[in-house]
Chemist: 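Below are the structure tokens for one structure; questions will follow.
So that the names make sense, note that chain A is the first sequence line, chain B the second, and so on, each numbered from 1.
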Number of protein chains: 2
Amino acid sequence: MAAGSQVQRASGVALWRQIADRIRASIANGEYDETGRVPPEIVLATQFGVNRHTVRSALAALAQEGIVRAVQGLGTIIERKERLNFPISRRTRFIEGLGAQARETEGLLLESGAEPASEDLAQRLRLAEGAPLIRLETLRKADGRPVSRATAWFPASRFAGIDEAYRNSGSITAALNALGLSDYLRVTTEITASHAERADMEDLGLSAGAVLLVTRSLNADTKGTPIQYSVSRFPADRVQFTIEN
Amino acid sequence: MAAGSQVQRASGVALWRQIADRIRASIANGEYDETGRVPPEIVLATQFGVNRHTVRSALAALAQEGIVRAVQGLGTIIERKERLNFPISRRTRFIEGLGAQARETEGLLLESGAEPASEDLAQRLRLAEGAPLIRLETLRKADGRPVSRATAWFPASRFAGIDEAYRNSGSITAALNALGLSDYLRVTTEITASHAERADMEDLGLSAGAVLLVTRSLNADTKGTPIQYSVSRFPADRVQFTIEN
DNA sequence: AGAAATTTGTGCGTATGTATG
DNA sequence: TCATACATACGCACAAATTTC
């Protein structure tokens, strides 16, 4: 591998951040599993074609995120290397999808409110423009670590009180159940990716430049009537999706 | 909205790049469709809480990418705002998936070669470790614009000559056909996202810090025997995936 | 126990990139 | 265009902690 072939100077993204992103990805891919440690700073510096100080800045950022821990004289130890897998299917459920990957999950209601349907939302939910909606802003965690920030809209006429039901149960499925809807299905899922915005960064505990996987999904009841449209943001270094056919 | 609430200083990502990323995303989301223009520089500067120079750097980067064009006295005009949609299903095909979204598509063979199966690849393709594989490095374009860089592996014993077949047809489906395989199905798709590495940036015509959607997919023949494993990288600002249930 | 090798931690001077006004 | 302030990156040197022999 040519030295310095992996990072770009004067690109608006600091070298230390590019390198931090690549080391984080390598950890998630299990490339350092044999030793449980990141290669020595001087080795990384040579690989990336940069000064050791620059590698140290990258490792400091990862230490800040709790991913590695540097020990003088020993090396830089990998503390965490999880990547959660979310199966996407007709019956996508957040908690069940995680299965045995997390011991404990929780859903927090950050905010809720009423708002009229925009043109876009009205069309997706098959409502009239301006129809009353309830919006939930939620943060979902697995084993205490944030794994998604979601914004969900429900028709207010049918799902009054869903905010309270969610706050009590920490689960959309349970909240809908409490309101008398026993089953629902995923109609469509759109997947995109982008950089995290500041609010999401803070809620998800990310640093600037972090990459998000974004899903926009529509759920409907068993008769096909739309019941929920939601936009969920997942940290790309902690999460992947699978589609099984 | 609080001024400056959207961008972060001293984060390893230059303000001009953060702002360029956000404007690019806004264009892709259709937020400026009414005027067909980006808001005036001074307005953007106020919105983001930065100096006008900084906004100008961001717009210059977008102009370099061919997304906007600044006209003195008029404003900054949006040149391109497409986001191609790829449906993912059991019968995922690159060209057919694009449907009417592109007038013309092509597939270029950048490189091909033989290599023994790694432990990971052997397991996925249900072969012995070290079994001979053919690797294709391809670049796919729609209407002349690169939309994906893919690396695909095939069992060499069954698909000798697939490199030539792909070079001639520019299509995996056509190449497999030429080798006597009339149909195949998608078994699994894993979706992740990350920052672009340098080689992909160059092939896809991206600037540093660009976000990629990455799919890892396994295809099998109609009897369920794995025939192909591939890793495809898509520029996240030009592409989205949909899963229809 | 002790010396050598390895690895992280720290300081300082300099050059360039980023952002403001 | 220019001047200013701060962030980023480099090069060199040496200190401190840990492992190896």
Side-chain angles (χ1 to χ4, degrees), chain A residues 2-24 26-27 31-32 34-80 195 198 201 207-210, chain B residues 2-24 40-65 70 72 76 195 198 201 207-210:
Chain A
S5 65
Q6 308 293 326
V7 288
Q8 267 209 349
R9 285 152 208 273
S11 61
V13 184
L15 293 180
W16 64 264
R17 172 152 294 288
Q18 297 179 52
I19 290 167
D21 290 337
R22 292 183 44 85
I23 296 174
R24 195 193 298 103
S26 293
I27 292 172
E31 290 174 30
Y32 305 137
E34 286 185 24
T35 56
R37 285 185 235 167
V38 168
E41 294 167 355
I42 190 68
V43 173
L44 291 169
T46 311
Q47 271 177 19
F48 289 114
V50 301
N51 192 274
R52 191 166 72 98
H53 282 307
T54 309
V55 169
R56 285 180 58 74
S57 298
L59 291 174
L62 295 179
Q64 186 67 32
E65 295 175 35
I67 293 174
V68 300
R69 179 171 50 94
V71 179
Q72 199 172 142
L74 213 176
T76 303
I77 298 161
I78 295 168
E79 294 272 273
R80 256 192 300 106
H195 284 121
R198 180 161 182 149
M201 279 168 36
S207 46
Chain B
S5 66
Q6 308 292 326
V7 288
Q8 268 206 349
R9 284 152 209 268
S11 62
V13 184
L15 293 181
W16 65 263
R17 173 151 292 287
Q18 296 180 53
I19 290 167
D21 289 338
R22 292 183 44 84
I23 295 174
R24 195 194 298 103
E41 293 170 358
I42 188 68
V43 173
L44 290 169
T46 311
Q47 270 177 20
F48 289 114
V50 302
N51 193 279
R52 192 166 77 97
H53 286 309
T54 309
V55 169
R56 285 180 59 76
S57 299
L59 292 175
L62 295 178
Q64 184 68 30
E65 295 177 35
Q72 218 172 85
T76 303
H195 284 120
R198 178 158 185 154
M201 279 168 35
S207 47

Chemist: Starting at atom CZ of R69(A), determine the distance to atom C1' of dT7(C), rounded to an integer number of angstrom.
Modeler: 15 Å
Chemist: Can you measure from CD1 (I78(A)) to CZ (R80(A)) and round to the nearest 0.5 angstrom?
Modeler: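 CZ of R80(A) is found 11.5 Å from CD1 of I78(A).
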Chemist: Using heavy-atom distances to pick each residue's nearest nucleotide on DNA chain D, tell me which of S11(B) and L74(A) is more 5'.
Modeler: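 The answer here is S11(B).
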Chemist: With heavy atoms under 4.0 Å as the rule, sort S57(B) into base, sugar-phosphate or nothing.
Modeler: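 The residue S57(B) makes no contact with any strand.
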Chemist: Find the distance E41(A):CD to dA13(D):C1' and express it as a whole number of Å.
Modeler: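 E41(A) atom CD is separated from dA13(D) atom C1' by 16 Å.
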Chemist: Using only modelled atom types and a 3.5 angstrom limit, is any donor from either the side chain of H53(A) or the base of dG9(C) paired with an acceptor on the other?
Modeler: no
Chemist: At less than 4.0 Å, is any side-chain N or O atom of R9(B) found next to OP1 or OP2 of dA7(D)? Yes or no.
Modeler: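 So the side-chain polar atoms of R9(B) never come under 4.0 Å of the phosphate oxygens OP1 or OP2 of dA7(D).
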Chemist: Just compare dA19(C), dG11(D), dG21(C) and give me whichever is closest to any side-chain atom of A14(B).
Modeler: dA19(C)
Chemist: In this structure, how many angstroms lie between the P atom of dG13(C) and the CG atom of N51(A), rounded?
Modeler: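 From N51(A) CG to dG13(C) P: 17 Å.
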Chemist: E79(A) pairs by salt bridge (charged side-chain N to carboxylate O under 4.0 Å, His left out) with which of R24(A), R37(A), R69(A)?
Modeler: R69(A)
Chemist: Over how many whole Å does the gap from I19(A) atom CD1 to dT8(D) atom P extend?
Modeler: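 These atoms are roughly 13 Å apart.
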Chemist: Rounding to an integer number of Å, can you tell me how far L15(B) CG sits from dT18(C) C1'?
Modeler: 8 Å
Chemist: Quick one: F48(B) CZ to dA19(C) C1', roughly how many Å, whole number?
Modeler: 16 Å
Chemist: If you define the side chain from C-beta out and look only at heavy atoms, does anything of Q18(A) sit under 4.5 Å from H195(B)?
Modeler: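 When only atoms from C-beta onward are counted, H195(B) and Q18(A) do not touch, as no gap falls below 4.5 Å.
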Chemist: For the pair made of CZ in R17(A) and C1' in dA9(D), what is the distance, rounded to whole Å?
Modeler: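 It works out to 16 Å between those atoms.
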Chemist: Can you tell me how far OG of S57(A) sits from CZ of R17(A), rounded to the nearest 0.5 angstrom?
Modeler: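 Atom-to-atom, R17(A):CZ and S57(A):OG are 11.0 Å apart.
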Chemist: Counting side-chain heavy atoms from CB outward, which of dA17(D), dA9(D), dT18(C) is closest to W16(B)?
Modeler: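 Selected nucleotide (nearest to the side chain): dT18(C).
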Chemist: Hey, which sits more toward the 5' end of DNA chain C by its nearest nucleotide, G75(A) or R52(B)?
Modeler: G75(A)
Chemist: For residues V68(A) and I23(A), determine if any side-chain heavy atom of one lies less than 4.5 Å from a side-chain heavy atom of the other.
Modeler: no
Chemist: Tell me the interatomic distance from R56(A), atom CZ, to dG11(C), atom P, rounded to whole angstroms.
Modeler: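 The answer, rounded to whole Å, is 11 Å.
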